[in-house]
Asker: 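Below you will find the structure I want to go over with you.
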Amino acid sequence: MSSENPSFTNFNLQQQEQKWEDTSILDFGIRIEPPFQEFNQASESEYLLPSNRNNQTKVLDQEDGQNNETLQTGKIQDWDPSAMLNNLSFLERKIHHLQDLVHLIVGRKGQALGGQDQLVTQQQQLITADLTSIIVQLISTAGSLLPSVKHTLSTGNPNGQFGQLGGLLFPPVAGMNCSPQPQHGSESKVVPSQHPTGNKVSDQSHQMDVMGNCGTEQNHSIEEHEMKEEEDADEGENLPPGSYDILQLEKEEILAPHTHFCTICGKGFKRDANLRMHMRGHGDEYKTAAALAKPNKESSSEPVIIKRYSCPFTGCKRNKDHKKFQPLKTILCVKNHYKRTHCDKSYICSRCNTKKFSVIADLKTHEKHCGKDKWLCSCGTTFSRKDKLFGHIALFQGHTPAIPLEESKGPAVSSDKVDGNEAANKVRNINFSLGSSASTGSVAQNAMEVKEDADDPASFFSPLSFDTCNFGGFHEFPRPPFDDSESSFSFLLSESCNYGQKTGGESTSTDLQ
Amino acid sequence: MKTNKKTTMEAPISNPFDFLTEEVIFTILDYLENDPFAKKSFSLTCKAFYSIESQHRKTLKPLRAELLSRTLHRYPHIEHLDLTLCPRIEDSMLNVVSLSCKDVLCSINLSRSRFFTNIGLASLVSSCFNLVEIDLSNGVELSDLAAAAISEAKNLEKLRLARCKLITDMGIGCIAVGCRKLKFVCLKWCVKVSDLGVELLALKCEGIRSLDLSCLQITEKCLPSILQLQHLEDLVLEGCLGIDDDGLSTLQQSCKSLKTLNMSNCPDVSHVGLSSLINGAENLRELTLAYGPAVTADLAKCLRNFSWLRSVKLDGCLVECSGIRAIGSWPNSLKELSFSKCSGVTDDSLSFLVQAHKELRKLDITCCRKITYDSVESITSSCTSLTSLRMESCSLVPKEAFVLFGQRCQLLEELDVTDTKIDDEGLKSISRCSNLSSLKVGICLNITNDGLKHIGSGCSKLKELDLYRSLGITDVGIAAVTVGCPKLEIINIAYNDKVTDASLKSLSRCSRLKVLEIRGCPHVSSKGLSAIAIGCRKLMVLDIKKCFNINDSAMLPLAQFSQNLKQINLSYCSVTDVGLLALASINRLQNMTMLHLRGLTPNGLAAALLACRGITKVKLHASFKPLLPKSLLHYIEARGCVLHWRDKAFQVEMDPKGWKLHFGQSPEAP
């Protein structure tokens, strides 16, 4: 930490790799317990607060980068030249960044020869990281042109490198709100992260701490998220049979509430990380960095063996004996798959009393939206968004919007929520993350909420932790310019009143939440 | 009265109308459309005429909603029902309409009525299935349910929903799906309607010809589907602040059928956005860009190739000389051009412009304060077929310039030279324009009776004369005008301290007079106004504010003879309770302003308000509010009347001198 300043500027560059870095940490996180956070609080804040400043300025860039990714992954099937252009300009920017960095290093070398070896190596690693990301970007861009090449390249090759980078580059990420990225990662099929073997451990314990800390942050979101995504996500994962190990857990094992047990007291844990946190209480020998570190990281130098999972239910498509067997990616996927498909749906929505779920997170997700489908068609179909209803009506002859009879405030209020202007939403979220930068410590607690509607591009960027903040902050935003009073007629005269879609989007999304 | 005359003429002979077929009499009645009293007289002649008239009548504008059922029973063939005079229309009344008119009714106007809901509309629409036109403007209380009710009118072609501020996309969606034959839609000020509703409307109603989307929160997102309408001719996007250049530049579509476009008050739209919006609209005839983009050479260039363009209105725009010059180089001549309140218009550029557009018929250069003699010289020499010229407040134009109008532009029908230096010589010359129907010479301090005499002798078709604050005018001049211009309908002689009862007496000769404004004429009295009341039976609008000498004795003849009176301003007069009660007996009276009536008591006011059944708008001094019983106010408001409470201080002096000083002018007394 002797040279904070240069490294912070460097971090800004790295943050564009976040997608890769974050995903690499997913598995680490599983074994880390929340108390860990207290432990490293001091170093974290010392570390994070300044870096946050820098991050904020770069958030926009970063969003752009992600945007490109989304574009790229979304349009792989039908190649989109504009997406390609985006990618290329992204690359261009990246290369410029890298150039600047190298310039910087060259300049410093002239000044302080020989000193700070550590810094130099760190910078080299950073450059490698940037280069790698450029290469990957190039590959994936090319991959969008050559669909057959894409999968092998993006899933196979870069994995190891990324894993390594992940370990190194992680620290700056902790300050950021990283939760949207994993979501993104699992969306796009370029997920290197599921293979913990590739990760190199960094020696600095505080780095690791932060890593762990962030891991807990993420786990909540990821867990929930993956449940939604997993089945779709590995739908297209064309791993050739035999290229991976198949593991099959037994039914009891899958349904067991805990998978990790304390060898001393026998307490069960869902996550390995939590167990390790727990172990600290049993003596100082469990508090060393080695004991707290992820157990299987030593194997990082060995070739990666891809693990996939099979469902124990015979006849299931996810069972390894099935003709068109499609493996499950992680244990979490197995659990959720098994519960969803082969178990009773014991959780009933308390609002509608009709919808049943076997995974409690699914129920929670549903309850958040249950009863909110206000947009009703005469055919009886309901929609959660007005634009979807209107799209439906435009499509079908004779269907009309159905107006609820007691149309008091309900629809009147929600009628204002214009179809989310995604761009505006993005901007809003970003703005907000600037505002709440001080809340680094409490971020983890808020990170429980995830937006499920992954089809909405805006939600990629919706910073999970800011959900709660949004409540407070956005009610103070300018009122919707078209209020219903007589005075609204004066709006023509006032030049300054530019209502536009954008403000509309802002004010309305508060309604949504 | 007329009725009596007819009966005495026709009764002795055996009725010749017996030999005429009904169709012939119907044709005769068709010719009486313009005279509101004629048909009434006809129907009162005898039972036969009464029934013929009731069979013939197709349009009805009832005054009393409570008599609707009887009236509609009398007239079984009403196709057009105008309820604008009935401020309170309840669902039950709409039910009556639906039961009586059934499938005959084609159009209904509810734009001034309130208190009906979707239930009434639903019953109306369900039995009057031939309804083609519905006007629901100002239905600020109408909800989406009302829109859903309207959507059952499958044959609807014209729909106005201006200011229906509660109707949302959902309602518009219902209408779009239900009324597929819509051709004319006005959604002005429906502030809850967004892109989605408009887009769906354009998708579902492919026959739309005219679409008014003023002041909506729409963006460019709905424009592609609008531009794809095959028959769209008239598009109004006034005050759509969500539409900007960036959005418009993404448009790929073009609307070939578009003829008129209004993009006023869109400050974020420049020539870039405009050109992409009207790209391909080769039939464009009229373009209104008031208070919009700067008039630059680029803007002119992008409009250059619209060969059908006939009318361009650029009111209130920032004007550059290069822009006007570029308009002057267009290959085709415009017919109508408006630069009202464009302060950047100069002599050079305007002269260049008018030389190219020789076929100009209408020109508006109101408040172009930089122009001088040179402009007028080139306008009159190039545009000899000019019919309308508005040049209010062109204060640098010298009096010699106005002579040119009479010499060169004798086709002028409308001339507005308010607040200019025009003098009697100018008026003398203008009197050569024999088609002149509207002349505005307000605040022209250089004109005198002599000038008006010339107008009176030359402009026999004059219908409108504005002499507001033209202080050189006296009774003599007005008398000369009334002799020469018997068709006068609108006259304004406000704030003229030399006008007396003699003027009003001479004005009473103009039997077509509809609007009379004598505000602030201290020397007119009840005598003069009585003469007006007796002579001008068609009087509709009367402003006698600050005519201190007018008292109750003028109100009585007014109440007796001016049965058409719709609007009156009585502020500062000497009218008391008695006069007001007399006025209240005028059936058609809708709008009254009475501030600072010294003789008015709360009781008298209450009685007058109760007696005046058709009143819709009253302006009163706020001091009366606590003095009137609340229940009475509630009752009056429930009848559909809106009470405006004003708290203006009493002005003793009308203060013409102070006003003149304010304008930096001095009166040139004759």
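By convention in this document, chain letters (A, B, ...) are assigned in the order of the sequence lines, proteins followed by strands, and residues within each chain are numbered from 1.
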Asker: Applying side-chain contact (heavy atoms from CB on, under 4.5 Å), can you list everything that pairs with Asp212(B), at least two apart in sequence or on another chain?
Answerer: Cys186(B), Lys188(B), Ser214(B), Val236(B)
Asker: Are more than 12 heavy atoms, taken from residues, nucleotides or ligands other than Lys204(B), located less than 6.0 Å from that residue's NZ atom?
Answerer: yes
Asker: How long is the gap from NZ on Lys386(A) to CG on Asp169(B), to the nearest 0.5 Å?
Answerer: 3.5 Å
Asker: Considering all heavy atoms of both residues, which atom of Cys174(B) and which atom of Ile403(A) are nearest to each other, and what is their separation?
Answerer: SG-CD1, 3.6 Å
Asker: For Glu637(B), does the CD atom sit with more than 12 other heavy atoms under 6.0 Å from it, leaving out its own atoms?
Answerer: yes
Asker: Taking salt bridge (Lys or Arg N to Asp or Glu O under 4.0 Å) as the definition, give me every residue that meets it alongside Glu157(B), ordered by chain and number, with sequence neighbours left out.
Answerer: Lys183(B)
Asker: What's the spacing between Ile393(A) CD1 and Leu203(B) CG if we round to 0.5 Å?
Answerer: 11.5 Å
